[in-house]
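Structure record follows, encoded as structure tokens.
Order of the sequence lines fixes the chain letters, A, B, ..., with proteins taken first and strands second; residue numbering starts at 1 for each chain.
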Protein chains: 2
Amino acid sequence: MSVFFSRQCEYAIQSVIYLAQKKQGEMTTIKEISGHLGIPFHFLGKIFQKLSRKGILHSMKGVSGGFWLAKPASDIVLMDIIEAIDGHEIVDSCVLGYPECSTTEPCPLHNEWKLSKDQFFGALMKKNVLDMSKEIKKGGYLVP
Amino acid sequence: MSVFFSRQCEYAIQSVIYLAQKKQGEMTTIKEISGHLGIPFHFLGKIFQKLSRKGILHSMKGVSGGFWLAKPASDIVLMDIIEAIDGHEIVDSCVLGYPECSTTEPCPLHNEWKLSKDQFFGALMKKNVLDMSKEIKKGGYLVP
DNA sequence: CAACAATCAGACAAAATGCTCTTGAAGCCA
DNA sequence: TGGCTTCAAGAGCATTTTGTCTGATTGTTG
């Protein structure tokens, strides 16, 4: 099991970062990405379909087809990808699984969780894909 | 899919808190707990077996048998339950799933994640089951 | 029409849940 | 005491659900 994000979500993030390292508007195939990042080919296809439907990627079929970012990389923020794949569930459900848990009737971990969660999701909403792709380049690993 | 802990872990925590609300040494059956907390009977049985083997619960078979806390509730901390069920994996793997991610070669989210994670796990290591059971009683919900 | 790439539906695997039988403890009753 | 009944945990396997992965199809270019 994945740690925090689903496997799909991890792959989605990695792949969008990969796309952000390309020139704007340049087209890239699933084959290339799955090869470089070690993601199962067809599974990535399914993930990219979701991202397309949510307006994060554009796609084109055919011999010279592929995927590209629908917006400038600096306008795509990590939270966009996570919502597209995993939805809102992570953000607003009780960490202990109590169905009644809420601000007015908090579970014993509610406040601690909210603190850490808000901090982390805050970072996710600020972090854009362009910056992340640069950091990876600088770090020198996982560059295609 | 679960939010942060596995379903098993959620159930384990809820149940141990439930047990902490009983008198010390008092025995409680799976039937009672699964009924009150809405947890599938046999699934809870399996979870309690794990907790018994890890030394968090004691059990007794037979007509007046059941489970009880192996230690005073104030000595059981949330992290104990989580380790018993989900293991250490959550604590030290990369949130983006990059296999090479480490302190020396951090992924673009490494520091943000570490900050939130350390904060939250810090709380989990401080939070004991007795306090939590009291908070729930005070909150007035989920009391058996 | 041939080659290639996305798309879609369905197969497979793992986790969660449910079922059934076994084992052990307590109470009852000759 | 010794066997019988009852109740609860323990253990293994069956089923359902969810998440992951694959094979067949459709669209595009030359």
Under 3.5 Å, sequence neighbours excluded: what are the donor-acceptor pairs made by side chains of residues 49-57 of chain B?
| from | atom 1 | to | atom 2 | distance (Å) |
| --- | --- | --- | --- | --- |
| B/K50 | NZ | B/Q8 | OE1 | 3.2 |
| B/S52 | OG | B/F48 | O | 2.8 |

Residues in salt bridge (Lys or Arg N to Asp or Glu O under 4.0 Å) contact with [X], at least two apart in sequence or another chain:
X      : value
B/D118 : B/K114
B/D75  : none
B/K117 : none

Grab the [atom1]-[atom2] distance between [X] and [N] for me, whole Å please.
X     : N      : atom1 : atom2 : answer
B/E32 : D/dC7  : CD    : P     : 16 Å
B/H58 : D/dG10 : NE2   : C1'   : 16 Å
A/K50 : C/dT7  : NZ    : P     : 15 Å
B/R7  : D/dT16 : CZ    : P     : 18 Å
A/F67 : D/dT28 : CZ    : C1'   : 14 Å
A/I47 : D/dT20 : CD1   : P     : 8 Å
A/D86 : D/dT20 : CG    : P     : 9 Å
B/I30 : D/dA11 : CD1   : P     : 12 Å

Using a 4.0 Å cut-off on protein heavy atoms (strictly under), produce a 5'-to-3' string for nucleotides 22-30 of chain C with B for base contact, S for backbone-only sugar-phosphate contact, and - for none.
-BBBS----
Using a 4.0 Å cut-off on heavy atoms, which residues in residues 39-46 of chain A reach DNA chain D? List them by number, or say none.
A/P40, A/H42, A/F43, A/K46
Residues forming a side chain to side chain donor-acceptor pair (under 3.5 Å) with B/T103, sequence neighbours excluded
none
Passing candidate, side-chain contact (heavy atoms from CB on, under 4.5 Å) with B/T104, options B/C101, B/S102, B/P106
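The residue from B/C101, B/S102, B/P106 that satisfies side-chain contact (heavy atoms from CB on, under 4.5 Å) with B/T104 turns out to be B/S102.
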Just call it for A/F48: base, sugar-phosphate, or nothing, with non-hydrogen atoms closer than 4.0 Å on any strand.
nothing
Test of understanding: with ring pair (Phe, Tyr, Trp, His ring centres under 6.0 Å), list the residues that count as partners of A/H42, not counting sequence neighbours.
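A/H42: no ring pair (Phe, Tyr, Trp, His ring centres under 6.0 Å) contacts found.
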Without swapping roles, check the side chain of A/S116 against the backbone of A/W113 for a donor-acceptor pair under 3.5 Å.
no
Starting from A/W68 and following side-chain heavy-atom contacts under 4.5 Å between hydrophobic residues (I, L, V, M, F, W, Y), which residues can be reached?
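Grouped by the 4.5 Å side-chain rule, A/M27, A/M60 form the rest of the cluster around A/W68.
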Could you work out, with side chain to side chain contact (heavy atoms under 4.5 Å, CB included) as the rule, every residue matching A/S93, not counting sequence neighbours?
A/E89, B/V3
When you measure from the side-chain N and O atoms of B/S59 to the phosphate of D/dA8, is any distance below 4.0 Å, counting only OP1 and OP2?
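So the side chain of B/S59 is outside the cut-off, no N or O lying under 4.0 Å from OP1 or OP2 of D/dA8.
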Does a side-chain N or O from B/Q49 land closer than 4.0 Å to OP1 or OP2 of D/dA9, or not?
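So the side-chain polar atoms of B/Q49 never come under 4.0 Å of the phosphate oxygens OP1 or OP2 of D/dA9.
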Would you give me the side-chain donor-acceptor pairs under 3.5 Å for residues 121-128 of chain B, sequence neighbours excluded?
| from | atom 1 | to | atom 2 | distance (Å) |
| --- | --- | --- | --- | --- |
| B/K127 | NZ | A/P108 | O | 3.1 |
| B/K127 | NZ | A/E112 | OE2 | 2.6 |
| B/K127 | NZ | B/E135 | OE2 | 3.4 |
| B/N128 | OD1 | B/L130 | N | 2.9 |
| B/N128 | OD1 | B/D131 | N | 3.0 |
| B/N128 | ND2 | B/D131 | OD2 | 3.1 |

Degree of bending, the helix from C/dC1-D/dG30 to C/dA30-D/dT1 (end axes from five pairs; round to 10°)
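For the helix from C/dC1-D/dG30 to C/dA30-D/dT1, the axes at either end differ by 10°.
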